[in-house]
Novice: 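Have a look at this one before I ask anything.
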Number of protein chains: 2
Amino acid sequence: MSIKRIPQVVIQRLPRYYRYLGDLLSRGITRISSGELSRRMGVTASQIRQDLNHFGGFGQQGYGYNVETLYVEIGKILGQDQEYRVIIIGAGNLGHAVANYTNYKKQGYRVMALFDSNKELVGKVVQDSLIYSIEDLPEYLREHRTDIAVLTIPKDGALDVVETLVEGGIQAIWNFASVDVPLPNSQVVVENVHLSDGLRVLTYRLKELREQKEHLQERGL
Amino acid sequence: MSIKRIPQVVIQRLPRYYRYLGDLLSRGITRISSGELSRRMGVTASQIRQDLNHFGGFGQQGYGYNVETLYVEIGKILGQDQEYRVIIIGAGNLGHAVANYTNYKKQGYRVMALFDSNKELVGKVVQDSLIYSIEDLPEYLREHRTDIAVLTIPKDGALDVVETLVEGGIQAIWNFASVDVPLPNSQVVVENVHLSDGLRVLTYRLKELREQKEHLQERGL
DNA sequence: AAATATATGTGAAAAAAATCACTATGCTCC
DNA sequence: GGAGCATAGTGATTTTTTTCACATATATTT
């Protein structure tokens with residue numbers, strides 16, 4: 001109902017709700033209350049209700065939420081009611097992993113092609129998709145409508161590839177190259193993934209945990 | 001100086017500062033001001049200064065920050081002054097990718113072994129590390145001090161493996177299995193990675209972008 | 001059919017995070 | 001070595017996010 005902008009933090013929480021609801025759905029659970037969902041997810045019920053309310057009332061007082069309805073509605077918000085054509089630039093292990101992962105269980109993403117600069121890989125097939133030479137990318141983009149490009153290449157060539165992609169009309173880039181891709185212009189959206197960031201946060205918390213332990217030991221516990 | 005707890009959001013931003021500083025360092029830039037760094041990173045200078053101040057004054061008025069000092073200091077905060085022994089559970093594409101990625105350029109992480117349930121992979125070598133049978137995991141853990149376990153397996157067996165890991169004394173789990181691992185107890189830290197969450201946020205923003213475009217077209221622009 | 005229990009939606013309050021704006025310090029250049 | 005400039009550190013303010021708490025609506029039970 002509201003014209004008010006949806007806060008970014010809320011958007012970032014939606015995929016997690018979506019996962020949990022999908023899980024409930026596959027287990028045959030048809031109804032869920034914010035309280036029960038909050039217990040399972042480890043967040044507050046209040047936050048769940050407030051988040052969902054940004055998009056309108058999906059629930060019913062005294063009853064809760066219908067799992068399927070809520071799942072579908074959040075899916076729509078996230079754009080999961082459409083199919084996206086995906087290409088993957090970089091057919092190394094990570095490219096393969098993403099190809100597997102993305103095609104998995106028909107989630108609305110279709111990997112159409114992979115590209116690599118290694119001539120030995122060109123012509124091979126991954127998950128029903130062909131690996132092309134990176135040199136064929138401009139031509140491919142001219143001939144095939146493509147929604148999302150995934151970058152699973154080392155950082156060195158990454159920004160050049162981005163230029164090619166943007167010139168070829170790509171509107172969304174999922175970037176795993178270890179370099180931040182700045183927004184080339186307002187006609188493109190970019191999601192920069194830095195796996196190592198998560199690993200470093202983990203290390204921080206491990207350090208913290210160990211320090212805590214030491215403190216306890218010092219006090220003879 | 002402070003005993004005050006560091007906000008989680010600040011911790012999550014540190015790895016990004018760390019990356020940018022590492023990049024500056026490798027390009028021979030020895031000094032940087034919060035203003036200049038803010039321009040490069042696309043955040044406010046104020047936020048940078050405030051974030052860093054949680055850990056004490058690393059800068060100097062009228063000069064800025066010494067890139068190397070700041071890099072090293074943030075590294076220490078993140079626990080990058082130590083080496084971590086890593087094992088990878090799941091030697092598929094993602095496991096391989098993480099093995100490559102984690103060992104890269106001697107970043108303080110050493111991949112010691114991989115484990116897989118596929119007998120055909122057992123005995124092979126990835127990045128100087130041997131692939132073991134998953135059945136050997138308990139024994140391995142008894143004999144080798146290990147800091148971090150990475151889970152790159154499908155979600156089905158994931159929680160069982162976590163149990164084995166925790167019983168074996170693992171304190172940190174970096175989980176790529178498509179299921180949230182709840183904190184088994186307060187002696188373990190877990191970082192759940194859901195690649196698809198980022199993809200869905202990207203899709204949301206792509207949808208938004210396209211809707212915006214449509215609106216503009218309707219108004220004849 | 002009434003009574004009771006449940007659980008949403010939401011305005012208000014509280015807490016957290018980000019930004020502002022200024023002070024004081026040390027650098028740089030003349 | 002002094003003047004002016006640049007910039008960190010930081011208290012105050014603003015904005016954003018989260019949580020609280022309750023009125024209302026629906027379901028369920030007796």
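Here is how names work: the chains are called A, B, and so on, in the same order as the sequence lines, proteins then strands, and each is numbered from 1.
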Novice: Would you call B/Arg39 and B/Glu36 a salt bridge, taking side-chain N to carboxylate O under 4.0 Å as the test?
Specialist: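 Yes, B/Arg39 and B/Glu36 are salt-bridged.
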Novice: Let me know the distance between CG of B/Asp51 and P of D/dA8, rounded to the nearest Å.
Specialist: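 It works out to 14 Å between those atoms.
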Novice: Is any side-chain N or O of B/Thr44 closer than 4.0 Å to OP1 or OP2 of C/dA18?
Specialist: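 B/Thr44 to C/dA18 OP1/OP2: no side-chain N or O under 4.0 Å.
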Novice: Is A/Ser34 close enough to C/dT8 that one of its side-chain N or O atoms is under 4.0 Å from OP1 or OP2 there?
Specialist: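 Checking A/Ser34 against C/dT8: at least one side-chain N or O falls below 4.0 Å of OP1 or OP2.
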Novice: How many whole angstroms separate atom CG of B/Leu52 from atom C1' of D/dT10?
Specialist: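 Taking CG of B/Leu52 and C1' of D/dT10, I get 14 Å after rounding.
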Novice: Quick one: which of C/dT8, D/dT18, C/dC27 gets closest to the side chain of B/Tyr63?
Specialist: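 The closest nucleotide is C/dC27.
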Novice: Looking at B/Tyr63, does the NZ or CZ of B/Arg31 lie under 6.0 angstrom from its six-membered ring centre and within 45 degrees of the ring axis?
Specialist: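 Verdict for B/Tyr63: a cation-pi partner in B/Arg31.
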Novice: Taking only the side-chain nitrogens and oxygens of A/Arg13, find out if one of them lies under 4.0 Å from OP1 or OP2 of D/dT18.
Specialist: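 For D/dT18, OP1 or OP2 has a side-chain N or O of A/Arg13 closer than 4.0 Å.
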Novice: With a 3.5 Å cut-off and just heavy-atom distances, do the side chain of A/Gln61 and the base of C/dT8 make a donor-acceptor pair?
Specialist: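 Result: at least one qualifying N/O pair found.
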Novice: Looking at B/Arg27 and B/Asp23, is there a salt bridge between them, counting it only when a charged N and a carboxylate O are closer than 4.0 Å?
Specialist: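 So B/Asp23 pairs with B/Arg27 through a salt bridge.
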Novice: Set out, in order, the CA-CA distance, both residues' side-chain angles and the distance that settles salt bridge (Lys or Arg N to Asp or Glu O under 4.0 Å) for B/Arg85 and B/Asp147, then state yes or no.
Specialist: CA-CA 5 Å; B/Arg85 287 167 190 253; B/Asp147 301 295; 5.2 Å; no
Novice: Output the rounded distance in Å from CD (B/Gln50) to C1' (D/dG9).
Specialist: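 It is 9 Å, rounded to the nearest whole Å.
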Novice: Using atom CD1 of A/Ile32 as one end and atom P of C/dT6 as the other, report the distance to the nearest whole Å.
Specialist: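 For the pair A/Ile32 CD1 and C/dT6 P, the rounded distance is 16 Å.
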Novice: Report yes if at least one side-chain N or O of B/Arg31 is closer than 4.0 Å to OP1 or OP2 of C/dT28; otherwise report no.
Specialist: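 The answer is yes; a side-chain N or O of B/Arg31 sits under 4.0 Å from OP1 or OP2.
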Novice: Pick the nucleotide of DNA chain D nearest each of A/Gly62 and A/Val9; which residue has the one closer to the 5' end?
Specialist: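 The answer here is A/Val9.
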Novice: Does the side chain of A/Ser46 get closer than 4.0 angstrom to OP1 or OP2 of D/dC20 through an N or O atom?
Specialist: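 No, because none of the side-chain N or O atoms of A/Ser46 sits under 4.0 Å from OP1 or OP2 of D/dC20.
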Novice: Take the protein atom CD of B/Gln47 and the nucleotide atom P of C/dA17, then report the distance between them rounded to whole Å.
Specialist: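 Answer to the nearest Å: 11 Å.
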Novice: Starting at atom CD of A/Gln12, determine the distance to atom C1' of D/dT16, rounded to an integer number of angstrom.
Specialist: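 Roughly 14 Å, once rounded to whole Å.
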Novice: Specify the separation, in whole Å, of atom CD1 of A/Ile48 and atom P of C/dT8.
Specialist: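 Nearest whole value for this atom pair: 9 Å.
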Novice: Any idea which of D/dA8, C/dA18, D/dT18 is nearest the B/Ser33 side chain?
Specialist: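 Given the options D/dA8, C/dA18, D/dT18, the side chain of B/Ser33 is closest to D/dA8.
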Novice: If only side-chain N and O atoms of B/Gln60 are considered, is one of them under 4.0 Å from the OP1 or OP2 phosphate oxygen of C/dC27?
Specialist: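 So the side chain of B/Gln60 is within the cut-off, an N or O lying under 4.0 Å from OP1 or OP2 of C/dC27.
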Novice: May I have the distance from B/Arg49 (atom CZ) to D/dT10 (atom C1'), rounded to whole angstrom?
Specialist: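 So the CZ-C1' distance, B/Arg49 to D/dT10, works out to 9 Å.
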Novice: Are B/Tyr65 and D/dG9 close enough that a side-chain N or O sits under 4.0 Å from OP1 or OP2?
Specialist: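 Answer is yes, contact under 4.0 Å.
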Novice: I want to verify a distance call: between D/dG9, D/dT19, D/dT17, whose nearest atom is closest to the A/Pro7 side chain?
Specialist: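 Among the listed nucleotides, the one closest to the side chain of A/Pro7 is D/dT17.
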Novice: Can you see which heavy atom on B/Tyr101 is nearest to which on A/Leu195, and at what distance?
Specialist: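 Smallest heavy-atom distance, with atoms named: OH-N, 3.6 Å.
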